[in-house]
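Structure record follows, encoded as C-alpha cells.
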Amino acid sequence: MADRIKFYMDEHVNPAVARGLRQRGVDALTAQDAEMLDSEDEQHLAFAASQERVTVSQGADFLRLHDAGISHSGIPYAPQHTPVGVMVRGLMLIYDVLNPDDMRNHIEFL
C-alpha cells in the first residue's frame, strides 16, 4: 500500500479534530502533543515537514506562506469556526484519496 498521509494540527485547530481522526485509525498529532505551542507559523511548517506530516490549519497566515513560495508538506485549510465534524470528514476524504506526494506544496480547502 502507498504511504498514507499523516496530519499535524497547528495550535488553532480544536484537539477534537485529532481525536476524531485517531478514532478512525489516522495518525494525527497536535501542536500541544508536539510541544509546539506558541511557535511561529514557519516553525510549524518546518516541524511538520520534518515529520512528513501535512499541516492542518485554520490560520490564513499559512495561505500567505504558501503564496510566498515557502515549501511545505501540504496544508489542509479550514476557515475559523468550521465545525469539528466538517473538518474530520474533509480530512478523511483527503486521507482516503490523496497521498503525501499529492499534498506536497499543495493546499486543500475544507
Side-chain angles (χ1 to χ4, degrees):
M1 174 177 256
D3 288 338
R4 301 306 301 256
I5 289 176
K6 297 183 292 185
F7 294 102
Y8 169 69
M9 317 296 149
D10 81 4
E11 60 196 69
H12 301 292
V13 175
N14 186 327
V17 174
R19 285 193 301 273
L21 292 171
R22 290 176 188 146
Q23 289 172 346
R24 292 160 176 81
V26 176
D27 186 334
L29 180 69
T30 66
Q32 293 88 341
D33 295 334
E35 299 181 357
M36 292 288 293
L37 293 177
D38 300 320
S39 296
E40 298 293 324
D41 294 339
E42 293 90 343
Q43 291 172 303
H44 285 292
L45 287 178
F47 172 79
S50 76
Q51 300 288 309
E52 299 180 351
R53 295 177 179 277
V54 300
T55 303
V56 179
S57 183
Q58 293 184 278
D61 288 340
F62 285 88
L63 302 178
R64 287 188 276 282
L65 291 171
H66 171 79
D67 286 344
I70 303 294
S71 183
H72 56 83
S73 296
I75 302 171
Y77 172 81
Q80 290 291 321
H81 308 295
T82 301
V84 168
V86 170
M87 289 186 69
V88 170
R89 284 189 298 278
L91 292 168
M92 285 305 301
L93 180 60
I94 289 170
Y95 180 80
D96 287 339
V97 301
L98 299 176
N99 66 51
D101 288 336
D102 295 329
M103 284 300 298
R104 199 164 329 284
N105 295 313
H106 179 73
I107 293 178
E108 280 292 326
F109 292 89
L110 302 178

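These numbers were taken from a predicted model, which means no experiment stands behind them.
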Fill in: Results of side-chain hydrogen bond (donor to acceptor under 3.5 Å, both in side chains) for R22 - residues two or more places apart only
D33

Discussion item. I'd like to know if the side chain of E11 reaches the main chain of Q32, judged simply by a donor and an acceptor atom lying under 3.5 Å from each other, with no hydrogens or angles considered.
Written reply: no

Item to complete: For residues A31 and H44, report the shortest heavy-atom separation together with the two atoms involved.
Response: CB-CE1, 4.0 Å

Discussion item. Hydrophobic clusters here meaning ILVMFWY residues chained together by side-chain heavy-atom distances under 4.5 Å, can you tell me if V97 and L91 are in one?
Written reply: yes

Discussion item. According to a hydrophobic-cluster definition based on side-chain heavy atoms being under 4.5 Å apart (Ile, Leu, Val, Met, Phe, Trp, Tyr only), do V86 and V84 belong together?
Written reply: no

Fill in: E108 CD to L98 CG distance, which is reported to the nearest 0.5 Å
5.5 Å

Item to complete: Give, for atom CZ of F7 and atom CG of L21, the distance between the pair rounded to the nearest 0.5 Å.
Response: 6.0 Å

Worksheet item: With ILVMFWY side chains joined below 4.5 Å, transitively, what does L65's cluster contain besides itself?
Response: L45, F62, L63, I70, I75, Y77, I107, F109

Discussion item. Please give me the minimum heavy-atom distance between V54 and S73, naming the atom from each residue.
Written reply: CG1-O, 3.0 Å

Item to complete: Give, for atom OG1 of T55 and atom CG of D10, the distance between the pair rounded to the nearest 0.5 Å.
Response: 7.5 Å

Worksheet item: Rounded to the nearest 0.5 Å, how far does CE of M103 lie from CD1 of I94?
Response: 5.0 Å

Item to complete: Among residues two or more places apart or on two chains, list those pairs meeting salt bridge (charged side-chain N to carboxylate O under 4.0 Å, His left out) that have a residue in residues 36-63.
Response: D27-R53, D61-R64

Worksheet item: N99 side chain to D102 main-chain N or O, any donor-acceptor pair under 3.5 Å?
Response: yes

Worksheet entry | Residue pair V13 / T30, side-chain heavy-atom distance below 4.5 Å | no

Fill in: Distance (rounded to the nearest 0.5 Å) between Q80 CD and S57 OG
8.0 Å

Fill in: Pairs meeting criterion ring pair (Phe, Tyr, Trp, His ring centres under 6.0 Å) with involvement of residues 10-43, two or more places apart
none

Practice prompt. May I ask you to test the H72-H66 pair for a side-chain heavy-atom distance under 4.5 Å?
Written response: yes

Fill in: Which atom of I5 lies closest to which atom of P100, heavy atoms considered
CG1-N, 3.7 Å

Item to complete: Starting from the C-alpha separation in whole Å, work towards a yes-or-no answer on side chain to side chain contact (heavy atoms under 4.5 Å, CB included) for V88 and Q23.
Response: CA-CA 11 Å; V88 170; Q23 289 172 346; over 6 Å; no

Item to complete: For N14 and Q58, work out which heavy atoms get closest and say how close.
Response: N-OE1, 4.3 Å

Worksheet item: What pairs of residues pass the salt bridge (charged side-chain N to carboxylate O under 4.0 Å, His left out) test when at least one of them lies in residues 85-98, not counting sequence neighbours?
Response: R4-D96

Worksheet item: Apart from L29 itself, which Ile, Leu, Val, Met, Phe, Trp or Tyr residues share its cluster (side-chain heavy atoms under 4.5 Å, direct or through members)?
Response: Y8, M36, F47

